[in-house]
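Worksheet: one structure, shown below.
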Amino acid sequence: LLHNTSEDELYTQAMARVNEMIAKGTGAIEIKSGYGLTLEDEIKILRVIKRIRETSPAIIRATFLGAHAVGRAFAGRQGDYVEHVCKDMIPAVAAEKLADFVDVFCEEGFFTQEETDKILTEGERHGLRVKLHANQLAVSGGVQVGVKHHALSVDHLESTTDEEVRVLGGVPAGSQGVADPVVTMPTILPGASFFLRMQYGRANDFINAGLPVMALGCIQMRMTPVQSFNACTLNSAYAMGVSDIAGSVERGKLANLIITRRVPSLNWIPYCYGTPFISKIFL
């Protein structure tokens, strides 16, 4: 379907979704490729993202996720597809300056730690910063690969152990040393858990370990409203690499703001999740 859809039509469809997100108070959006899985279609998606970036009032960041799965033309030849991503896709994306980040689905049944490491290394060599899909379906070792590459964030994390919490805190196994000052943001996606009827990420374990978390989950993940508010503002901005210009209200940053209708308190919002509470939006 995507292959047969023009760039103009993809742009029109995507802008409708972007504007819907803005209407709900979102001022910074990361958009990933990864649904083309051919050089032509991945470039098509990223060109559409570039066009959105040029025309939307929201902050837009682009992530190249060509290693979301193995392209159909490479069925049974995963190693060849990894080579294709490294030798053909990444250089083409970098040549047109179409992406800010490189990402891989490091997961059981998708890409191994070794394959992930190879793709991320090639992305970094071409000036792309690392983000990573990890530990959605199983404990995949993806967190460890992401931290090794100083990933800005590792996304999903529905399946984690105490070891992943330790590693994300910057303390390697068996070490009592000082945490690495480079924070890899644990990005938890409760929306994915909800739609796929999966377990939710261990938000409070990350918080108790002193790690920031990006998530919404007051109800399902037992986060406080303040924790969730921080997660979807400043922590989210950090995970996109834009916390210097967005994510909090302070002098020198963009005035991306929502003005609420009269509400009793911040605590009221998650209890009345179906009630519109935004009065005005400024980007």
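Just so you know, these numbers use all the heavy atoms, side chains as well, and skip hydrogens, waters and symmetry mates.
- Atoms CD1 and CZ, from I31 and R17 in turn, are 10.5 Å apart once rounded to the nearest 0.5 Å.
- Cluster membership check: L65 does not share its hydrophobic cluster with L196, using side-chain heavy-atom separations under 4.5 Å among Ile, Leu, Val, Met, Phe, Trp and Tyr.
- Side-chain atoms of T161 and E164 form a donor-acceptor pair, as typed in the model, at a separation below 3.5 Å.
- Checked by atom type and distance alone, the side chain of K44 pairs as donor or acceptor with a backbone atom of L2 at under 3.5 Å.
- Nearest heavy atoms, I258 versus G25: CG2-CA, 3.6 Å.
- For the pair E124 and R129, the minimum side-chain heavy-atom distance is 4.5 Å or more.
- Proximity of a side-chain donor or acceptor of S56 to a complementary backbone N or O of I52 within less than 3.5 Å is not detected.
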Exercise for review: Give the C-alpha distance, both sets of side-chain angles, the deciding distance and a yes or no for side chain to side chain contact (heavy atoms under 4.5 Å, CB included) between N235 and M185.
Suggested key: CA-CA 8 Å; N235 290 357; M185 180 68 69; 3.8 Å; yes
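- For the pair L168 and V147, the minimum side-chain heavy-atom distance is below 4.5 Å.
- If you check the side chains of S153 and D155, you find a donor sitting under 3.5 Å from an acceptor.
- Closest non-hydrogen pair, A134 versus E107, comes out as C-OE1, 4.2 Å.
- Comment: R53 engages D100 in a salt bridge, judged by a side-chain N to carboxylate O separation of less than 4.0 angstrom.
- Taking the ring axis of Y11 as reference, the NZ or CZ atom of R51 stays within 45° of it and closer than 6.0 Å to the ring centre.
- Look at K87 and D80 and you find no salt bridge, because none of the NZ, NE, NH1 or NH2 atoms lies under 4.0 Å from a carboxylate O.
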Exercise for review: Step by step, work out the salt bridge (Lys or Arg N to Asp or Glu O under 4.0 Å) result for E96 and R47.
Suggested key: CA-CA 9 Å; E96 288 194 41; R47 285 175 178 163; 2.7 Å; yes
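- Remark: of the listed residues Y35, F111, F110, F110 is the sole one forming a ring-ring contact (aromatic ring centres under 6.0 Å, His included) with F105.
- More than 12 heavy-atom neighbours from other residues, nucleotides or ligands sit within 6.0 angstrom of NZ on K253.
- Side-chain polar atoms of K131 and T63 form no donor-acceptor pair below 3.5 angstrom.
- Judged by distance alone, the side chain of Q227 and the main-chain N or O of T224 form a donor-acceptor pair under 3.5 Å.
- With no hydrogens or angles considered, a side-chain donor-acceptor pair links H133 and D103 at under 3.5 Å.
- The CD1 atom of I90 lies 7.0 Å from the CG atom of L128; values are rounded to the nearest 0.5 Å.
- By the rule that hydrophobic residues join a cluster once side-chain heavy atoms approach within less than 4.5 Å of another member, V242 and V18 end up as members of separate clusters.
- Each of M198 and V139 belongs to its own hydrophobic cluster when Ile, Leu, Val, Met, Phe, Trp and Tyr are linked at side-chain heavy-atom distances under 4.5 angstrom.
- None of I119, V85, V145 except one satisfies the side chain to side chain contact (heavy atoms under 4.5 Å, CB included) rule with V104; the exception is I119.
- With rounding to the nearest 0.5 Å, the separation of CG in L46 from CD in E7 is 10.0 Å.
- A distance of 8.0 Å separates CG of L189 from CG of L157, quoted to the nearest 0.5 Å.
- For the pair F64 and S33, the tightest heavy-atom approach, listed with the atom from each and the gap, is CA-OG, 3.5 Å.
- If you check the side chains of Q78 and E115, you find a donor sitting under 3.5 Å from an acceptor.
- The hydrophobic clustering, which links ILVMFWY residues whose side-chain heavy atoms are closer than 4.5 Å, places I43 and L37 together.
- With rounding to the nearest 0.5 Å, the separation of CE in M89 from CG in L39 is 6.0 Å.
- Contact of the H156 side chain with the T187 side chain is not registered, since no non-hydrogen atoms from C-beta on lie closer than 4.5 Å.
- Here the straight-line distance linking atom CD1 of I281 with atom CD1 of I259 works out to 10.0 Å at 0.5 Å rounding.
- The neighbour count for E20 CD, taken as heavy atoms of other residues, nucleotides or ligands under 6.0 Å away, does not exceed 12.
- In terms of heavy atoms, N256 sits closest to G27 at ND2-O, 3.7 Å.
- For the residue pair H149 and D117, a side-chain donor N or O sits within less than 3.5 Å of a side-chain acceptor on the partner.
- Considering only heavy atoms from C-beta on, L234 comes within 4.5 Å of S243 through its side chain.
- Annotation: side chain of C86 is in contact with side chain of K118 (closest heavy-atom distance under 4.5 Å).
- S140 and E108 share no donor-acceptor pair across their side chains, judged by distance under 3.5 Å alone.
- Under 3.5 Å, the side chains of Q136 and S159 contain no donor-acceptor pair of N or O atoms.
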Point to revise | Derivation of the side chain to side chain contact (heavy atoms under 4.5 Å, CB included) call for V70 and V82 | key: CA-CA 8 Å; V70 174; V82 170; over 6 Å; no
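- A single hydrophobic cluster is not seen to contain both L257 and I245; linkage of ILVMFWY side chains at heavy-atom distances under 4.5 Å, directly or through other members, places them apart.
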Practice item. Run the numbers on T184 and L152 for side chain to side chain contact (heavy atoms under 4.5 Å, CB included), then give the verdict. Key: CA-CA 5 Å; T184 294; L152 187 59; over 6 Å; no
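- Heavy-atom neighbours of R72 CZ from other residues, nucleotides or ligands within 6.0 Å: at or below the threshold of 12.
- Across I22 and A58, no two heavy atoms sit closer than the pair CD1-CB, 3.9 Å.
- Between L120 and L132 the shortest side-chain heavy-atom distance falls below 4.5 Å.
- For the pair I29/R61, no side-chain contact is recorded, criterion being any heavy-atom separation below 4.5 Å from C-beta on.
- Closest of all the heavy-atom pairs between S193 and E158 is OG-CG, 3.4 Å.
- A donor-acceptor contact closer than 3.5 angstrom is absent between the side chains of E40 and T38.
- The closest side-chain heavy-atom distance from F229 to I269 is not below 4.5 Å.
- A distance-only check finds no donor-acceptor pair linking the side chain of Y81 to the backbone of A73 [under 3.5 Å].
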